[in-house]
Amino acid sequence: MKLHSLVATLFVSTCLVTISEAQTRRRAAAPAPPTPVTIDSVQWRKDHYVVNRDSAYADPRIALCKLMGGNRRFVEHKSIRPRQDQAALTNTEKGQKPFAIVVSCADSRVPNEIIFDQGVGDLFIIRTAGQVMAEASYGSIEYASVVLGSKLIVVLGHQSCGAVDAAIKRPENLPGHIIALVNSIKPAAQKARAMGGNLLENAIRQNVLEQVNSLRDLDPVLSRKYQKGEILIVGAVYNLGTGKVEFLPETLPNMVGYTTSGR
């Protein structure tokens with residue numbers, strides 16, 4: 001037992017020395033610390049494309065700028081991960097006021113809060129494969145718009161979407177309810193066949209456009225709010241390789257006077 005105890009002591013001592021030497025080498029090789037930057041200063045907010053959350057909740061165009069700025073941070077490795085601490089959880093315990101609704105694909109590679117660099121309580125997210133919508137989805141979107149006051153709706157497709165690919169290939173004997181998803185996307189896939197270029201990419205984009213138009217025409221709630229200019233409904237496609245979210249120009253409103261730094 002004494003021998004075992006001695007061996008264990010020597011082993012721990014050796015590990016501590018090795019760790020200490022490694023830390024010393026890292027400190028010696030580390031570059032000089034950067035000049036301190038005042039977090040949340042005017043310059044810091046500008047450099048990180050930060051948009052005021054309350055303004056984003058009140059104005060859907062500012063909300064759109066906020067999402068664009070957050071994705072730009074993500075792409076440029078400047079993510080600030082706002083409102084992701086215990087305080088944020090406590091503050092939302094009694095209610096929520098998300099500034100945007102995101103109708104997104106259920107694909108595990110499209111983590112909405114991460115790619116838009118947002119936090120707890122910021123986004124009201126509805127997710128299904130191919131972002132296909134039905135009554136439950138419509139009711140959820142209407143709830144967020146009417147009850148929670150969210151004024152921006154983003155339909156978010158993504159590169160290499162398996163549901164859209166299935167609608168193009170139309171495999172036989174699809175199990176269970178998967179066929180319902182595929183059938184919902186078939187009209188977009190059919191239109192994409194008449195376009196030049198990459199069939200899958202065109203179908204993904206067309207699927208988003210079809211879904212945006214469906215929400216804009218959805219009676220009785222969303223269509224009226226959209227026509228009155230009370231809400232915005234836009235489309236976007238996420239690139240899995242670059243992390244960039246491309247907002248589709250044909251769905252965007254006039255953004256004169258709005259930037260990723262606010263209004």
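All values below come from the heavy atoms of this structure, side chains included, with hydrogens, waters and symmetry mates left out.
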Residue pairs passing the salt bridge (charged side-chain N to carboxylate O under 4.0 Å, His left out) test with at least one member in residues 248-259, sequence neighbours excluded, are Arg205-Glu250
By side-chain contact (heavy atoms from CB on, under 4.5 Å), Ser160 pairs with (sequence neighbours left out) Leu240
Does the side-chain contact (heavy atoms from CB on, under 4.5 Å) test come out yes or no for Asn202 and Gln206, once each step is laid out?
CA-CA 6 Å; Asn202 288 338; Gln206 186 62 38; 6.0 Å; no
Grouping ILVMFWY residues whenever side-chain heavy atoms fall under 4.5 Å, the cluster of Val182 otherwise contains Leu174, Ile178, Ile179
Taken in chain and number order and not counting sequence neighbours, the residues that satisfy side-chain hydrogen bond (donor to acceptor under 3.5 Å, both in side chains) with Gln131 are Gln211
Quiz item: With the 4.5 Å side-chain cut-off for hydrophobic clustering, are Val102 and Ile114 part of the same group?
Solution: yes
So CD1 of Ile126 and CG of Leu156: to nearest 0.5 Å the spacing works out to 12.0 Å
Could you check if a side-chain atom of His158 sits within less than 4.5 angstrom of a side-chain atom of Asn239, using non-hydrogen atoms only? no
Notebook entry, point to check: Any donor and acceptor pair, going by atom type alone, linking the side chain of Thr90 with main-chain N or O of Gln86 inside 3.5 Å?
Noted result: yes
All heavy atoms of Arg224 vs all of Pro220, minimum pair found to be CD-O, 3.0 Å
Return yes if some donor-acceptor pair links the side-chain N/O of Arg127 with the main-chain N/O of Cys105 below 3.5 Å, else return no. yes
| request: Measure from the side-chain N and O atoms of Arg53 to the backbone N and O of Ala63, and report whether any donor-acceptor pair falls under 3.5 Å. | output: no
A side-chain contact here means heavy atoms from C-beta on lying under 4.5 Å apart; do Val110 and Asp107 qualify?
yes
Quiz item: Given the rule that I, L, V, M, F, W and Y join up when any side-chain heavy atoms are under 4.5 Å apart, are Phe99 and Val245 in one cluster?
Solution: yes
Flag side-chain contact, heavy atom, 4.5 Å: Pro60 against Ile231 = no
Is there a donor-acceptor contact under 3.5 Å from the side chain of Ser150 to the main chain of Pro98? yes
Contacts of Ser140 meeting side-chain hydrogen bond (donor to acceptor under 3.5 Å, both in side chains) (sequence neighbours excluded), chain-then-number -> none
If two hydrophobic side chains count as joined below 4.5 Å and joins carry through other members, does Val164 share a cluster with Val237?
yes
Ala100 meets the side-chain contact (heavy atoms from CB on, under 4.5 Å) criterion, sequence neighbours left out, with Leu67, Leu123, Leu152
>> Is there a side-chain contact (heavy atoms from CB on, under 4.5 Å) between Ile125 and Glu113? Walk through the geometry before answering.
In response: CA-CA 9 Å; Ile125 302 170; Glu113 283 90 352; 3.3 Å; yes
Exercise. Side chains of Gln96 and Leu148: does their closest heavy-atom pair fall under 4.5 Å?
Worked result: yes
From the list Leu218, Ile233, Ile153, Val146, side chain to side chain contact (heavy atoms under 4.5 Å, CB included) with Lys225 holds only for Val146
Consider only side-chain N and O atoms of Tyr258 and Asp59, and report whether a donor and an acceptor are under 3.5 Å apart.
yes
### Query
Are the side chain of Lys66 and the backbone N or O of Val51 linked by a donor-acceptor pair below 3.5 Å?
yes
Practice task
Examine Lys151 relative to Tyr57 and say whether NZ or CZ is less than 6.0 Å from the centre of the six-membered ring and inside a 45° cone about the ring axis.
Solution key: yes
*Determine, using the 4.5 Å side-chain heavy-atom cutoff (strictly less than), whether Tyr143 and Val103 are members of one ILVMFWY cluster.*
yes
Glu93 meets the side-chain hydrogen bond (donor to acceptor under 3.5 Å, both in side chains) criterion, sequence neighbours left out, with none
By side-chain hydrogen bond (donor to acceptor under 3.5 Å, both in side chains), Asp54 pairs with (sequence neighbours left out) none
In short, Thr128 meets Ser137 closest at the heavy-atom pair CG2-OG, 4.3 Å
In short, salt bridge (charged side-chain N to carboxylate O under 4.0 Å, His left out) pairs touching residues 181-201 with sequence neighbours left out are Lys191-Glu210
Tracing side-chain contacts under 4.5 Å among Ile, Leu, Val, Met, Phe, Trp and Tyr outward from Val120 reaches Leu89
*Hey, does Phe247 have a side-chain heavy atom less than 4.5 Å from the side chain of Val154?*
yes
query = What about Phe124 and Val234, same hydrophobic cluster or not, with Ile/Leu/Val/Met/Phe/Trp/Tyr joined at side-chain heavy-atom distances under 4.5 Å?
reply = no
For Pro253 and Leu64 the tightest heavy-atom approach is CD-CD2, 4.2 Å
Subject >> Any Ile80 side-chain heavy atom under 4.5 Å of Arg73 side chain >> reply: yes
In terms of heavy-atom contacts, Asp117 and Gly70 come closest through CB-O, 3.5 Å
- prompt: Taking C-beta and beyond as the side chain, do Gln227 and Arg216 meet within less than 4.5 Å on heavy atoms?
  reply: no
Would you say Ser41's side chain and Trp44's backbone share a donor-acceptor pair under 3.5 angstrom? yes
Practice task
Please step through side-chain contact (heavy atoms from CB on, under 4.5 Å) for the pair Gln118 and Asn112, ending with a clear verdict.
Solution key: CA-CA 8 Å; Gln118 303 302 322; Asn112 290 258; over 6 Å; no
Practice item. Check for a donor-acceptor pair, side chain of Asn71 on one end and backbone N or O of Ile115 on the other, with a separation under 3.5 Å. Key: yes
Residues 74-92 vs salt bridge (charged side-chain N to carboxylate O under 4.0 Å, His left out), sequence neighbours excluded, gives Arg72-Glu76, Glu76-Lys78, Arg83-Asp122
Hydrogens and angles aside, do Asp47 and Gln43 bring a side-chain donor and acceptor to less than 3.5 Å of each other?
yes
So the salt bridge (charged side-chain N to carboxylate O under 4.0 Å, His left out) pairs with at least one residue in residues 152-178 (sequence neighbours excluded) are Asp165-Lys169
- prompt: Are the side chain of Ser184 and the backbone N or O of Val132 linked by a donor-acceptor pair below 3.5 Å?
  reply: no
Whether Asn207 side chain and Ala203 backbone form a donor-acceptor pair below 3.5 Å: no
(Q) Could you go through Cys161 and Ile204, starting from their C-alpha distance and side-chain angles, then the distance that decides it, and tell me whether this counts as side-chain contact (heavy atoms from CB on, under 4.5 Å)? (A) CA-CA 7 Å; Cys161 181; Ile204 289 168; 4.1 Å; yes
